[in-house]
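For ligands, and for the atoms within them, numbers begin at 1 and follow the listed sequence.
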Amino acid sequence: MNSISDPITIAGTEFKNRLVMSPMCQYSATDGLANSWHQVHYGSRAIGGVGLIMQEATAVCPEGRISYGDLGIWSDAHAQALKPVVDFVHAHNSKIGIQLAHAGRKASLELPWKGGRQISQHQPNGWQTLSAGNQPYYDGDEAPLPLDDAGINKVISDYVDAAIRARDIGYDVIEIHGAHGYLFHQFYSPQSNQRTDAYGGSFENRIRLLVEVTKAVKSVWRNKPLFVRISATDWVDGLWDVNDSIALCKVLKEIGVHLIDVSSGANVPHVKIPAVPDYQVPFAEAIKREADILTGAVGLITTREQADKILENNQADMIFMARELLRNPYFMLQESNTDWPDQYVRAK
Ligand SMILES: Cc1cc2nc3c(=O)[nH]c(=O)nc-3n(C[C@H](O)[C@H](O)[C@H](O)COP(=O)(O)O)c2cc1C
């Protein structure tokens, strides 16, 4: 019987509890560099007792950012700006992962609170986007450039360089962002991949880029905890579905991925998603059972009772919470009697 307060050890790293702060873009960096916003934001959740903080989508190259406000890790200066975040989280007895990301065709966007629309490559803060093919996410947006062989090799080497930097400044987990219609999802979903080369067509070809990147990251990350976030379904009949995801996760397990963070959707616009509490949990459960790999459940999980039930029912191994932890960084302190920072004990 597991509860959210129970520790879990993955690839030799112990997480003091099973609550993960789900990655959430803050759109608050300048030129990809972390600043005091990121220190306070992530630091608060470390003080708040979260077992693993998964840092927001952090771009492996400038053109892989969703917006001009995204974090990046494409140079040593970027790594040095992130190091105080990592060190603070560690000093407060929590663990921190980095979600390595490339937005592909869903890049070059305005900040969400300024409308979130695509910024033309001809405007300030805009750039040419890249993808599997040349279809934009929204009709009428500028077309992405399909990645050629050199472009694919650059994506792989950017991920390797990012993983080395993440390793060297002490991150505990790498999560490869393979979900939400970003670059890898654009390759594995037949909706956005009509390529006729080794990266398109069959299932094996469509998952190839994600698999190659994961292998390359693994080779430098060695045996530290490696997660992949996927979209378990496109929520459209005939496109990517949970059976495809199970097959993908079997391959990822073979390569040495330790945990699948199971999300869904966001590669096909205007799709109706039945977003109710626990709506993605059945996918985490199916992948855990069928691919025999650890999973994280995410999506409208907001209470301890809900989280514990998912763990008790063996539907997932860790619980990723996003918006609830924006509302309440101290969720975990309030839910458990232990691990209060000395400075806060009088408030217990
Ligand atoms: C402000 C915000 C930013 C997000 N940014 C990311 C991100 O960087 N990477 C990612 O994989 N998901 C991102 N998400 C999705 C969340 O990680 C999570 O999967 C989603 O919000 C559902 O969980 P929730 O119901 O607990 O909020 C973001 C969500 C929010 C609200």
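Ring centroid separation for the pair Tyr138 and His270 comes in under the 6.0 Å cut-off. Taking the centre of each ring, Tyr159 and Phe184 come in below the 6.0 Å mark.
Side-chain contact between Met54 and Phe227 is present, with at least one heavy-atom pair separated by less than 4.5 Å. In this structure the side chain of Tyr137 never reaches within 4.5 angstrom of the side chain of Val268, judged on heavy atoms. Looking only at side-chain heavy atoms (C-beta outward), Val217 and Leu226 come within less than 4.5 Å of each other. When side chains are defined from C-beta on, Tyr42 does not count as touching Val86, because their heavy atoms never get closer than 4.5 Å.
For the pair Ile301 and ligand 1, the shortest N or O to N or O distance does not fall below 3.5 Å. The shortest N or O to N or O distance between Ser263 and ligand 1 is not under 3.5 Å. Ligand 1 has an N or O atom lying under 3.5 Å from an N or O atom of Ala57, backbone or side chain. Among the atoms of Leu326, none of the N or O lies under 3.5 angstrom from an N or O of ligand 1. Ligand 1 has a nitrogen or oxygen under 3.5 angstrom from a nitrogen or oxygen of Cys25. Between Val298 and ligand 1, a contact under 3.5 Å exists for no N or O pair. Considering backbone and side-chain atoms together, Ser22 places an N or O closer than 3.5 Å to an N or O of ligand 1.
The shortest contact between atom 6 (C) of ligand 1 and any protein heavy atom is with Pro23 O, 3.0 Å. Looking at atom 26 (O) of ligand 1, its nearest protein heavy atom turns out to be Ala322 N, 2.9 Å. The protein non-hydrogen atom at the shortest distance from atom 2 (C) of ligand 1 is Met24 CG, 3.7 Å. For atom 22 (C) of ligand 1, the closest heavy atom belonging to the protein is Gly299 CA, 3.9 Å.
Which of Gln26, Gln99, Glu56 comes nearest to atom 11 (O) of ligand 1 through a heavy atom is settled by distance: it is Gln99. For atom 10 (C) of ligand 1, the nearest non-hydrogen atom from the set Glu175, Gln280, Met321, Arg229 comes from Arg229. Across the listed options Arg323, Glu324, Met54, Arg323 owns the non-hydrogen atom lying nearest to atom 27 (O) of ligand 1.
Ring-plane geometry between His78 and Trp74 is classed as tilted, the angle between the planes lying from 30 to 60 degrees on a 0 to 90 degree scale. Using bins of under 30°, 30° to 60° and over 60° for the plane-to-plane angle, the ring pair Trp37/His41 lands in the parallel bin.
Against a heavy-atom cut-off of under 4.0 Å, His180 is close to the following atoms of ligand 1: 10 (C), 11 (O), 12 (N).
Of the listed residues (Asn2, Ile8, Ile260, Ile310), just one forms a side-chain contact (heavy atoms from CB on, under 4.5 Å) with Asp317, and that residue is Ile8.
In this structure, Arg206 forms no cation-pi arrangement with Trp240, as its terminal cationic atom is not both closer than 6.0 Å to the ring centre and no more than 45° off the ring axis.
In this structure, His177 counts as a contact residue of ligand 1, since one of its heavy atoms falls inside 4.0 Å of the ligand.
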